[in-house]
Amino acid sequence: MPVKTYIQAIQEATIEEMQRDPTVFMMGEDLRKSVYGATAGLVEQFGEDRIIDTPLSENGFFGAALGASLCGMRPIVETVTSFLWVGMDQLISQAAKMRYMFGGQAELPVTFRIRMFYARGAAAHHSDRNYPVFMNTPGLKIICPTNAYDAKGLLKTAIRDNDVCMFFEDGIAISSRTEVPDNEDLPGGELLVPFGVANTVRAGSDVTVVGIAGGVQHALDAAKTLETEGISLEVIDPRTLVPLDMETILKSVERTGRLVVVDPAHKVCSAASEIAATVAQEGFWSLQAPIQVVASEQVNVPYSPALEPLIYPTPEKVVAAVRVVLD
Amino acid sequence: MPVKTYIQAIQEATIEEMQRDPTVFMMGEDLRKSVYGATAGLVEQFGEDRIIDTPLSENGFFGAALGASLCGMRPIVETVTSFLWVGMDQLISQAAKMRYMFGGQAELPVTFRIRMFYARGAAAHHSDRNYPVFMNTPGLKIICPTNAYDAKGLLKTAIRDNDVCMFFEDGIAISSRTEVPDNEDLPGGELLVPFGVANTVRAGSDVTVVGIAGGVQHALDAAKTLETEGISLEVIDPRTLVPLDMETILKSVERTGRLVVVDPAHKVCSAASEIAATVAQEGFWSLQAPIQVVASEQVNVPYSPALEPLIYPTPEKVVAAVRVVLD
Amino acid sequence: MALDKQQLEEMYRRMCLIRYFEEAVIAIHSSGELIGPAHPYIGQEAVAVGACAALRDDDRIAGSHRSHGHPIAKGGDVKRAMAEILGKVDGFCKGKGGSMHLADFSIGILGESGIVASSVPIATGAALASKLSKKDFVALVFFGDGASNQGACHESMNMAALWDLPVIFLCENNGYAITTSYKNSVSVDHVSDRASAYGMPGVLVDGQDAIAVWEATDEAVRRARAGEGPTLIEAMTYRFEEHSLGLDRIIKSEYRSSEEVEEAMKRDPLVIHRATMISHGFSTEAECDEIESTVKTEIDEAVEFARNSPYPEPGDLYDDMWATPV
Amino acid sequence: MALDKQQLEEMYRRMCLIRYFEEAVIAIHSSGELIGPAHPYIGQEAVAVGACAALRDDDRIAGSHRSHGHPIAKGGDVKRAMAEILGKVDGFCKGKGGSMHLADFSIGILGESGIVASSVPIATGAALASKLSKKDFVALVFFGDGASNQGACHESMNMAALWDLPVIFLCENNGYAITTSYKNSVSVDHVSDRASAYGMPGVLVDGQDAIAVWEATDEAVRRARAGEGPTLIEAMTYRFEEHSLGLDRIIKSEYRSSEEVEEAMKRDPLVIHRATMISHGFSTEAECDEIESTVKTEIDEAVEFARNSPYPEPGDLYDDMWATPV
Ligand SMILES: Cc1ncc(C[n+]2csc(CCOP(=O)(O)OP(=O)(O)O)c2C)c(N)n1
Ligand SMILES: Cc1ncc(C[n+]2csc(CCOP(=O)(O)OP(=O)(O)O)c2C)c(N)n1
Ligand SMILES: [Mg+2]
Ligand SMILES: [Mg+2]
């Protein structure tokens, strides 16, 4: 099976969906020259009307994407986590609320492809991992692919979905490579990964470790380390946070009795907190030990290479948390 | 002791602090005519330079308040939860991050007074209860007074604080009246309530109920109902969410073994989730039953009076949750 | 004048519809039947009606918080509008949106926004869709003098001008944003003066004269459909009522003098339009009276309809959240 | 010309400081010592230096992502600037801010913003503080042609004009936002054409000529201090390097022709300033050479200093988060 990078997978999904449906188009900054890497050659293939370079006006062009979607188009918007704040009004007041507010009249088939940089010395202004913020207001689907396979399959699903999808591209996962089948080798001829179905990336029996975005890799690394000691981790990747497949998580905790959640976002009101709270409510009787959350330190992202690595989850921190729940 | 409304308390705190410190001034929309009720007569008392009516430009004037604070002023900004989205870039990228990013050089003594309307038919665009969103990014102090006493004492503390304070004025609490002592009857001559000190509004032994913002009143109402059945609730009002006094909550849970958290915000990634997650991590061994979160339904706020009341926490929902944890 | 008798009378009919609709809403509000905020459009009828008279059914409009008038002017059903305001299932949005969100997508009413200026980018995007899908519908967005100071307007106007989008930015300058005079919130004499900053035409028009608004909009629509790009129109108008129902209880101090209000109310857009129709020999007094009384009945029926319409059921709560439920 | 020899030489010195500083940063980056993004200011030195030459120490500046030049022009210590870029404790921000956040509040450098245009409201607020506290310092904010399309600029300019704030909006139009020509992002010929939409003067100036920038800024500062309000200055300039260090690996296709780049590089602001100083008889070739070589040494020392400065300790992580820790 061919091995592809996360970026290649995104580009493939985009091309396939643009070929399939003429209403799909892209908006964003510097797409034509592919500054963020996933739109190379698209303008040559699809023309300037379908690959639109926007001015630096996130609130304006996020809203324009929404407006276009109300009139039959299916925009894909490319941006970066930290720039979402600038367009927040359109994301929360319009994207998340329009459909309901208008009694279901508004279809909003927009996909926001959001690059999530961190851990590379970009400092506080370019290192946001802000998907939890978008989970609080209902109305947005939140997708966090952690490998090329899911990136392709989930992006295709997102582009076809008639709700607003926020597709977070983890800056750590981005350089990863995974096997991604060719279309001709797939039943149905294409790769579509459904929303709301968690992926048990590794089966295990002692502790359930839920990884979010870049957290999955840390969980897998920790699992490898602990394997040598005979400790067996079950690693679950929810893949989408809205909808969130709590069933798979709760079933796993039922078997293991122990839960660690790994989330690169800031800890307070994180996706990890939400999962922990839900298990404390619905899976309480399965728990045999305190839940452990391994998330980012509640401090702004420092620039210095001497400080920044301290704040994020690491395999070592996951190992330490596992030891706590097994204690 | 004189009984005052929440709004009176806010107005008193504002006047006292403006009299005390000439660098305190206000910015916001329609302050001079006091559209939101808490600035009546201030322009007559303090002049147009200290009570500034801004254009409808939240991002612009939030940022201007921050810039003014960097140069020795202490702005109080009045706004509404739902308009925070419009100024989100200044709140997250600047207010929350500047001090750290500049290595402590930036002092940002700004208080955002934020009216939180809900439950009054204002529909999805004017009913946000979005304090949890501001808890995720470190750097903002989050204050949720639930009665006139705290409103006065916490607002005075906020105005004197050198960090950015977001002061959420719960639309339900706003019409409440509480005893607020006159300054001459206070040791020290004024009312200052410290941040990070939870208030055990009602002592009890069976279940710990943490109420957030308007949730405190529901908890107290539930406590009254259950009292008649001999069930004793301990009701805790954290008063500030950043900093959050987890110690008081954990100690209470140690005694009761049971926790219900009541939060008018949307449930997912709420302040309630955070508290539940922390107790599941740090107070696990005290727990004798699943934690219950009573928060808003994960649906946009509907306009219809037939639907809107269904989504928020109510005393009845708190009672039901208490029964679950006692089951 | 390129408008014929039928068009002029239809404009008058819609202006009356808005006026009586709003009067009914005010009555309902003061009876306590309506709890949420509602922002009467009375005094500004000529803007919505004049503008929408220049539009086709498939043209899109978007509005603001003060948006009962816009959907009615576009041809929205007053029964469903009133039912929406009462939060009933027969409302445009099944009671989920209310006064600030009277959308009917089937006739191009893309809805309004309680967040000031937030629908300006939305309308710009509708115009983008028109261009990209090679259709020829236009989008028109109504926004206030206060709204014009939001960054969303700047960004939208720049994009629209850059891409020659078929969008019309229609600023209803009623002199105030709640209590704030536009002279204290807009740093130039006129919002339309800002058009040159984007390279689009800026047109200042008498917003009390429906025909003048129609003329300006008609030309803007022509430009838009011809691919010549956006236009910024500023219609000078006046809100005859307080900012919002219920707010009169809060705003005690004067922010506009009673002389000013009285003076402005002398230029009632309904009176002006009726006078034009009659003085130019299009319609008779009797015909105008007839229109008014038919409309009155229509509004009475709308209120009746809305009152009789059921409330949504608790089970409807989660409906309409998602196209594909989560 | 109202500038004397000493001032002109100081301007030249600062332009050289910026140029060599940036060259050092580029060298350090390509050696792998620096991992984060950094945006070289080379080619635009005359803008920062010309503007800051018109400012006092207590005047405030704010900048953008491309902001090594601004703090240096304002008199910031290159040692501490370089240490910051290497993430060291002796940096302006103790290593917590890095390349995009070189602030020194003690001499009015309020810092920059990685979020484009986000510091424009901040500078406007600094000017508001000046007015409210009845001081006479001014605020000046540097932003790009791309940034000018953000709503934050519109809102800030409107407020500044309304309130006659002592703020100078200095748009550095280097022709591009990353790969996007300003002709494709600004809907009018010049950003400064937009000044009239706010009722403030708009000044177009040659950004390669430090003296021209100084003149325009000096007049804007005079206006600001006199309470006459804000000015929008657009300095036409050019960035000689790629958008960001490391990005040259990504941007493979041409977005500006090599002829255009070559042509633009003929107008090197250092060469222009040096030629003016000499041709007007202010300085000799030898004096200019002397400045250059002193600056070279200074930058070498700065790199040395930065390299020797220690990294922050893990225990410093939470410092500086709060004035009153939570
Ligand atoms: C972003 C935002 N800020 C503030 C408000 C509160 N508000 C509602 S209407 C209004 C005034 C709007 O003025 P204008 O745009 O002139 O419209 P008008 O009410 O005069 O029709 C304000 C401040 C809001 N709804 N949204
Ligand atoms: C709000 C926001 N959107 C996008 C970016 C990514 N970005 C960084 S610099 C830049 C171009 C800025 O162009 P301009 O303002 O002209 O400044 P220049 O780089 O030319 O100095 C972009 C798009 C950002 N940092 N912030
Ligand atoms: Mg108005
Ligand atoms: Mg530029």
Side-chain angles (χ1 to χ4, degrees), chain A residues 7 28-44 48 52-63 80-87 89-90 117-128 268 296-311, chain D residues 34-38 65 84-89 91 93-101 112-118 144-152 176-182 184-187 243-244 247 250-255 310-314 316-321 326:
Chain A
I7 298 249
E29 290 157 16
D30 306 287
L31 299 179
R32 294 174 187 163
K33 301 297 176 194
S34 191
V35 165
Y36 296 113
T39 55
L42 293 190
V43 68
E44 290 75 15
E48 299 210 335
I52 301 180
D53 276 358
T54 64
L56 263 156
S57 307
E58 282 81 3
N59 199 48
F61 75 78
F62 291 0
V80 174
T81 50
S82 300
F83 314 157
L84 296 177
W85 309 122
V86 182
D89 180 48
Q90 291 296 321
F117 298 115
Y118 60 104
R120 294 223 216 116
H125 268 188
H126 281 78
S127 307
D128 291 287
V268 176
S296 284
E297 296 284 319
Q298 202 65 14
V299 70
N300 289 143
V301 176
Y303 169 77
S304 179
L307 295 178
E308 192 188 10
L310 303 176
I311 77 162
Chain D
L34 174 63
I35 53 157
H65 56 289
E84 186 60 36
I85 290 174
L86 289 187
K88 302 298 186 74
V89 280
C93 310
K94 310 178 193 166
K96 283 175 174 146
S99 157
M100 287 187 266
H101 307 290
E112 299 80 27
S113 173
I115 303 299
V116 167
S118 189
D145 46 293
S148 74
N149 299 309
Q150 289 284 7
Y176 296 86
I178 312 189
T179 67
T180 305
S181 162
Y182 94 94
N184 296 326
S185 86
V186 177
S187 69
H243 170 73
S244 166
L247 207 65
I250 290 168
I251 304 180
K252 301 234 171 48
S253 50
E254 254 184 15
Y255 62 93
Y311 277 118
E313 296 290 324
D316 300 340
L317 179 62
Y318 276 88
D319 289 353
D320 304 316
M321 263 302 293
V326 298

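So you know, we letter chains A, B, ... as the sequences are listed, proteins then strands, and number each from 1. Computation of the quantities below employed the complete heavy-atom set of this structure, encompassing side-chain atoms and omitting hydrogens, waters and symmetry-equivalent molecules.
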Would you please say whether a donor-acceptor pair under 3.5 Å links the side chains of D/Asn149 and A/Ser57?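 Result is no, nothing qualifies.
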D/Tyr318 and A/Glu297: side-chain donor and acceptor closer than 3.5 Å?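 Indeed, the side chains of D/Tyr318 and A/Glu297 share at least one donor-acceptor pair under 3.5 Å.
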Going by heavy atoms in the side chains, are A/Val86 and D/Gln150 under 4.5 Å from each other? yes
Is the closest side-chain heavy-atom distance between A/Gln298 and D/Met321 below 4.5 Å?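 Of all side-chain heavy-atom pairs linking D/Met321 with A/Gln298, none is under 4.5 Å.
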Among the options [options], pick out the one with the most heavy-atom pairs lying under 4.5 Å from chain A.
options	result
D/Ser185, D/Pro37, D/Cys93, D/Gly114	D/Gly114
D/Gly36, D/Pro312, D/Ser187	D/Pro312
D/Ala38, D/Ala147, D/Ser113	D/Ser113

Roughly how far, to the nearest 0.5 Å, is CD1 of D/Ile115 from CG of A/Asp128?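 The CD1 atom of D/Ile115 is 7.0 Å from CG of A/Asp128, to the nearest 0.5 Å.
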Please round to the nearest 0.5 Å and tell me the distance separating atom CZ of A/Arg32 and atom OG1 of D/Thr179. 9.5 Å
For the side chain of [X] and the backbone of [Y], is there at least one donor-acceptor N/O pair under 3.5 Å apart?
X	Y	result
A/Tyr303	D/Ile85	yes
A/Lys33	D/Glu254	yes
A/Ser304	D/Gly87	yes

Not counting sequence neighbours, which residues clear ring-ring contact (aromatic ring centres under 6.0 Å, His included) with D/His65? List them please. D/His39, D/His243
According to ring-ring contact (aromatic ring centres under 6.0 Å, His included), who are the partners of A/Phe62, at least two apart in sequence or on a separate chain?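 Once residues adjacent in sequence are excluded, the partners of A/Phe62 under the ring-ring contact (aromatic ring centres under 6.0 Å, His included) criterion are A/Phe112.
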Mind running side chain to side chain contact (heavy atoms under 4.5 Å, CB included) on A/Leu307 and D/Lys96 for me, showing each step along the way? CA-CA 8 Å; A/Leu307 295 178; D/Lys96 283 175 174 146; 4.0 Å; yes
Below 4.5 Å from any heavy atom of chain A, which atoms of [X] appear? Answer side chain, backbone, both or neither.
X	result
D/Leu34	side chain
D/Ser148	neither
D/Ala117	neither

For D/Met100 and A/His126: C-alpha separation, side-chain torsions, deciding distance, then whether side chain to side chain contact (heavy atoms under 4.5 Å, CB included) applies. CA-CA 10 Å; D/Met100 287 187 266; A/His126 281 78; 3.6 Å; yes
Can you tell me which portion of [X] sits under 4.5 Å from chain D's heavy atoms? Options are side chain, backbone, both or neither.
X	value
A/Val80	neither
A/Ala124	neither
A/Asp30	both
A/Glu58	both

Take D/Leu317 and A/Ile311 through the side chain to side chain contact (heavy atoms under 4.5 Å, CB included) test and state the conclusion after the steps. CA-CA 9 Å; D/Leu317 179 62; A/Ile311 77 162; 3.7 Å; yes
